[in-house]
2 protein chains.
Amino acid sequence: MTKQRREVYTVLMKNRDHPTANDVFRRLQREMSAISLATVYNCLDALAEHGLINQVNFDREPSRFCVNPAPHVHFRDARTGVIHDINFKEGCQITDLLELPDGAEVSELELTISGDLPAQT
Amino acid sequence: MTKQRREVYTVLMKNRDHPTANDVFRRLQREMSAISLATVYNCLDALAEHGLINQVNFDREPSRFCVNPAPHVHFRDARTGVIHDINFKEGCQITDLLELPDGAEVSELELTISGDLPAQT
DNA sequence: CTTCCGATTTAGAATTATTCTAAATCGGCC
DNA sequence: GGCCGATTTAGAATAATTCTAAATCGGAAG
Ligand SMILES: [Mn+2]
Ligand SMILES: [Mn+2]
Ligand SMILES: [Zn+2]
Ligand SMILES: [Zn+2]
């Protein structure tokens with residue numbers, strides 16, 4: 001945990017909105033020391049490798065980063081662009097619904113959903 | 001359906017192995033007329049927009065293209081790199097397992113899995 | 001405290017999948 | 001055959017990310 005990695009992690013924790021690397025970079029510039037963009041990428045890599053954060057990809061858009069350590073999936077509201085964390089229902093395994101070949105071992109699973117939420121009232 | 005779109009589609013049908021745009025381009029150069037890479041991208045876009053093919057993304061790797069019209073997800077064998085189509089079990093809805101907010105409407109859903117398959121014997 | 005050294009940071013260049021541009025070509029229709 | 005909107009094409013541009021190589025850090029050892 002270097003100073004820069006901690007700063008990147010703190011920014012992610014402060015505002016859990018799945019920012020891009022560039023979002024993180026701009027927030028760090030505004031709030032504190034002048035970190036470099038390459039360092040932001042390095043730190044995000046390091047944090048992800050150690051399991052503290054997750055990299056989230058929607059199609060080919062810039063990656064986003066997530067500090068929610070619980071297993072969950074991502075839902076983007078098409079109207080607002082906001083990305084919501086969606087938990088699994090109690091005791092549910094996605095892989096139970098799939099016709100996986102016998103003996104297949106899942107090591108990574110990413111589920112992204114786009115859709116609409118009813119307007120807030 | 002132009003001549004180029006048909007050729008792109010034919011290449012995808014002939015070898016349903018989820019090639020990248022560049023793979024498709026190289027196969028077309030080898031087999032038939034000299035199509036341009038921009039046209040391959042244009043054609044893949046057009047085919048996808050009309051629902052004939054699907055664009056598949058694993059993390060930030062080059063997009064791959066899939067001609068399987070059935071709803072399914074993608075499993076990459078980490079050992080071989082081969083991408084397998086995985087169907088849903090009869091009558092199963094992934095969204096039934098998720099704590100989606102009330103009234104959420106899913107318009108797109110992409111599930112990608114990486115893992116290991118037992119060695120072929 | 002000073003020196004040392006591997007790890008990290010940094011600025012900027014490089015990479016690369018994809019998109020854009022603008023000119024050439026196509027193909028169906030009159 | 002000529003017209004015209006759509007498509008194709010080659011090449012340039014874009015943009016997220018990675019790479020490079022030099023500067024800096026920070027803890028350990030002396
Ligand atoms: Mn995706
Ligand atoms: Mn993915
Ligand atoms: Zn999340
Ligand atoms: Zn497929």
Side-chain angles (χ1 to χ4, degrees), chain A residues 1-12 17-66 74 76 81 83 108 110 112 114, chain B residues 1-12 17-66 74 76 81 83 108 110 112 114:
Chain A
M1 254 306 176
T2 65
K3 176 165 148 297
Q4 286 85 351
R5 288 175 191 176
R6 204 181 331 272
E7 285 182 9
V8 166
Y9 187 65
T10 301
V11 161
L12 288 172
D17 60 349
H18 303 90
T20 65
N22 203 54
D23 291 337
V24 172
F25 178 55
R26 286 201 314 269
R27 290 177 196 178
L28 281 169
Q29 288 187 306
R30 204 179 310 134
E31 299 194 19
M32 30 182 100
S33 72
I35 197 174
S36 100
L37 178 57
T39 301
V40 172
Y41 275 103
N42 289 342
C43 291
L44 291 169
D45 263 16
L47 292 168
E49 253 161 40
H50 290 264
L52 284 159
I53 66 174
N54 286 100
Q55 183 168 346
V56 176
N57 296 297
F58 273 88
D59 301 323
R60 300 201 55 76
E61 295 169 25
S63 287
R64 296 170 173 279
F65 296 87
C66 172
H74 292 101
R76 169 154 49 202
I83 293 172
E108 277 173 83
E110 181 168 40
T112 52
S114 294
Chain B
M1 254 308 175
T2 64
K3 176 164 148 295
Q4 287 85 348
R5 288 175 189 174
R6 203 182 332 271
E7 285 184 8
V8 165
Y9 187 66
T10 302
V11 160
L12 288 171
D17 59 350
H18 303 90
T20 64
N22 204 54
D23 291 337
V24 172
F25 177 54
R26 286 201 314 268
R27 289 176 197 178
L28 280 169
Q29 288 186 306
R30 203 179 311 136
E31 298 193 18
M32 29 183 99
S33 72
I35 197 174
S36 101
L37 178 57
T39 302
V40 172
Y41 275 102
N42 290 342
C43 291
L44 291 168
D45 264 16
L47 293 169
E49 253 160 40
H50 291 264
L52 283 160
I53 66 174
N54 286 99
Q55 183 167 347
V56 176
N57 296 296
F58 272 89
D59 301 324
R60 301 201 55 74
E61 295 168 24
S63 288
R64 297 172 170 278
F65 296 87
C66 172
H74 291 103
R76 170 154 48 200
I83 293 172
E108 276 173 83
E110 180 168 41
T112 52
S114 295

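Order of the sequence lines fixes the chain letters, A, B, ..., with proteins taken first and strands second; residue numbering starts at 1 for each chain. Note that this is a predicted model, so its numbers are computed, not measured.
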Nucleic acid contacts of residues 36-44 of chain A, taken as heavy-atom distances under 4.0 Å to DNA chain D: A:Ala38, A:Tyr41
B:Ile83 versus B:Phe58, closest heavy-atom pair with distance: CD1-CE1, 3.8 Å
Pair B:Asn57-A:Asn57, side chain to side chain contact (heavy atoms under 4.5 Å, CB included): steps then yes or no: CA-CA 9 Å; B:Asn57 296 296; A:Asn57 296 297; over 6 Å; no
Contact check, side chains of B:Leu44 and B:Gln55, non-hydrogen atoms, under 4.5 Å: no
Touch class at under 4.0 angstrom, heavy-atom based, for B:Ser63 against every strand present: sugar-phosphate
Value in whole Å for how far the C1' atom of C:dA17 lies from CG of B:Asn57: 11 Å
Nearest-Å distance for atom pair CZ/P, residues B:Arg64 and C:dA17: 11 Å
Distance-minimising heavy-atom pair for A:Ala21 and A:Phe65: N-CE1, 4.0 Å
Side chain to side chain contact (heavy atoms under 4.5 Å, CB included) between A:His74 and A:Arg64, intermediate numbers included: CA-CA 11 Å; A:His74 292 101; A:Arg64 296 170 173 279; over 6 Å; no
Contact under 4.0 Å: A:Arg60 side-chain N or O vs C:dT18 OP1/OP2: yes
Residue mapping more 5' on DNA chain C - nearest nucleotide basis, B:Thr20 or A:Gln4: A:Gln4
Pair A:Arg76 + A:Asp59, salt bridge at N-O below 4.0 Å: no
Boundaries of the DNA chain D segment in contact with chain B, non-hydrogen, under 4.0 Å: D:dT7 to D:dT17
Donor + acceptor pair across side chains of A:Asp23, A:Thr20 (<3.5 Å): yes
Over all atoms of both residues, closest heavy-atom pair of A:Cys43 and A:Arg5: SG-CG, 3.5 Å
